[in-house]
Amino acid sequence: MNDAAQRPLRVAFVGKGGSGKSTIAALFARILAQQGSRVVALDSDPMPGLAYALGIYVDDAPLPDELVVAGPATGPEWILRPDVDPLSLIERYSVKTQEGVHYFQFGNTRGTWGALSRGQHAWSEVVKRLPESAWNLVGDLPGGLRQPMNGWGKYAEVALIVTEPTTKGVMTARQLAKLTNAKWGPRKIAVVVNKIRPTDDANAIAAQIRLPLAGSVPECDAIQRAELELRSPLGLPGTEAVETAVRALVRTAQGL
Amino acid sequence: MKIAVIGKGGVGKTSVSAVLARSLGRLGKPVVALDCDTNPNLGLSLGVGEEESQRILTMRQQVDEGDVEHALGWDDLLDRFGTDAPDGVRLGIVNRIENPEPSCPCCGLSPERLLSQANFGNAIVIGDFEAGLGSYSRVGNEKLDVTIVVIEPTPRSIDVGLRALDHARSHHQGRILVVANKVRNSKEAEMISTAIGDTSITVVPFSEAVASADRKGTSVFEEANADDFIAPIRQLAKSLN
């Protein structure tokens, strides 16, 4: 079970809105934590869902504004105060799940729409300075193209595009596949087909997107009910097939 | 008349927008369906097909790359980057994020600017917005005649919907209506109507016809048994007159 020798993974989940990124990201993070790895789960969606999926029931894990000071004239605008140790911030300010996933959120818009608060800049600084050898990062980006194409998932070496087996999902995924062209883009991009029914063909979907298939996850009534009740799907009866599928996805991602 | 359709990702904004546009078209109204998502796929739901959707997008890309003279007028935009959809609806795509760049993707033209500044004459313009509130929240005050908030019966979608309603009210964005989509039973309908108080609500049942059309990338109008989905939105279209 414990696989501490496994190289830590930095993965970002992207895809169309409603495709199931948060659910899969939460399962993914928990499975890594159960393997004995240290895991940070990052939510940059201003309408966060990852916290709920993890069973945390807070959608905000801010850093105090005073931890951030103005950056140099050459940019960036804000930097973490030089005397602050980023790891201590993770321990102190992230929200921890029972399995030891460290959750934080850095896309929340409070008050002013569009602008990031200083505390949110601080979290992005923490991510940059997190030692790669010690921490897994599992990021959940908002649906659509805006954040991913603007480089919000730069921390990830692997981008997993979650799509339902629909034409809109495939069209979105094809656009996201262009992240490979970015200098700062992920080292690997692959597709996760979610909510598939027995009549769907995940391989055919991945072929349409022209990317490798990293995993396929079955449609699941229990997860849909959990969503209705604002409950975490983690460990719920009826989700076993989904969990097995995400376990396989973790193994595949670790081998990418 | 300018209408914005907003809500959480995946709630069915595009499916609702498309049926609303074609229903208004069938009533004989001049309708512009404006895809305001940087990841546009309204064309599929309107029934213009994947190939045609892709073709308009490619034209848009040529402008961004400077191969075509840049045109900012809304009628130019619709001429050049639009296409005819069924039932007399003219589809226009405002912009699409084409390439990964850590910069502004809007090329000077954004849905919020277009809807704030352009005069669309007597056309009914239906703006199918990007998920969340980012783009919608940048539309100028009192620039819209109708705001339609699409909500599915999940707490997270309701949460986004309530934030959207707050924003719409405080920025005076015209008549404010809720479409409760993918509703499976009266308990789910009640969950939404309780949350939104006395805001006007149109309940649209969960529809396998929409799921089927989405898998094929076609319009729900081509599906059998789609009337459960279409009829309430047709009623909504009539009430907008």
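What's counted below: heavy atoms across the whole structure, side chains too, no hydrogens, waters or symmetry copies. By convention in this document, chain letters (A, B, ...) are assigned in the order of the sequence lines, proteins followed by strands, and residues within each chain are numbered from 1. Note that the structure is predicted; figures quoted are calculated from it, not measured.
Of the listed residues (P165(A), P142(A), P148(A)), the greatest number of heavy-atom pairs within a distance under 4.5 Å of chain B belongs to P165(A). In terms of non-hydrogen atom pairs under 4.5 Å with chain A, the most contact-rich of T218(B), T154(B), D214(B) is D214(B).
The structure places CG of D159(B) at 5.5 Å from OH of Y52(A), a figure rounded to the nearest 0.5 Å. We find the NZ-OG distance between K168(A) and S15(B) to be 3.5 Å, quoted to the nearest 0.5 Å. Rounding to the nearest 0.5 Å gives a distance of 5.0 Å between CD of E227(A) and CZ of R156(B). To the nearest 0.5 Å, atom CG of residue L145(A) and atom OG1 of residue T38(B) are 5.0 Å apart.
Scanning both residues, L230(A) and P155(B), for their nearest heavy atoms gives CD1-CB, 3.4 Å.
Within 6.0 Å of the CG atom in N225(B), the count of heavy atoms belonging to other residues, nucleotides or ligands does not exceed 12. More than 12 heavy atoms of other residues, nucleotides or ligands sit less than 6.0 Å from atom CD of E222(B). By the neighbour-count criterion of 12 heavy atoms within 6.0 Å, atom CD of E229(A) is densely surrounded, having more than that number from other residues, nucleotides or ligands.
Of the two parts of Q224(A), only the side chain, counted from C-beta on, holds a non-hydrogen atom closer than 4.5 Å to a non-hydrogen atom of chain B. With a 4.5 angstrom heavy-atom cutoff, K21(A) does not touch chain B via any of its atoms. In this structure, the portion of E188(B) lying under 4.5 Å from any heavy atom of chain A is its side chain and not its backbone.
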* **Worked check of side-chain contact (heavy atoms from CB on, under 4.5 Å) between D200(A) and R215(B)** => CA-CA 9 Å; D200(A) 293 316; R215(B) 273 172 160 71; 2.8 Å; yes
* To do: Evaluate the criterion side-chain contact (heavy atoms from CB on, under 4.5 Å) for residue pair K16(A) and N41(B); output intermediate values, then yes/no.
  => CA-CA 11 Å; K16(A) 188 177 176 307; N41(B) 47 40; 3.8 Å; yes
* Test side-chain contact (heavy atoms from CB on, under 4.5 Å) applied to M171(A) and N39(B), step by step -> CA-CA 8 Å; M171(A) 283 179 78; N39(B) 174 39; 5.6 Å; no
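Under the 3.5 Å distance criterion, with hydrogens and angles disregarded, no donor-acceptor pair is assigned to the side chains of T166(A) and K216(B).
Between R197(A) and E208(B) there is a salt bridge, with a side-chain nitrogen of the basic residue lying less than 4.0 Å from a carboxylate oxygen of the acidic one.
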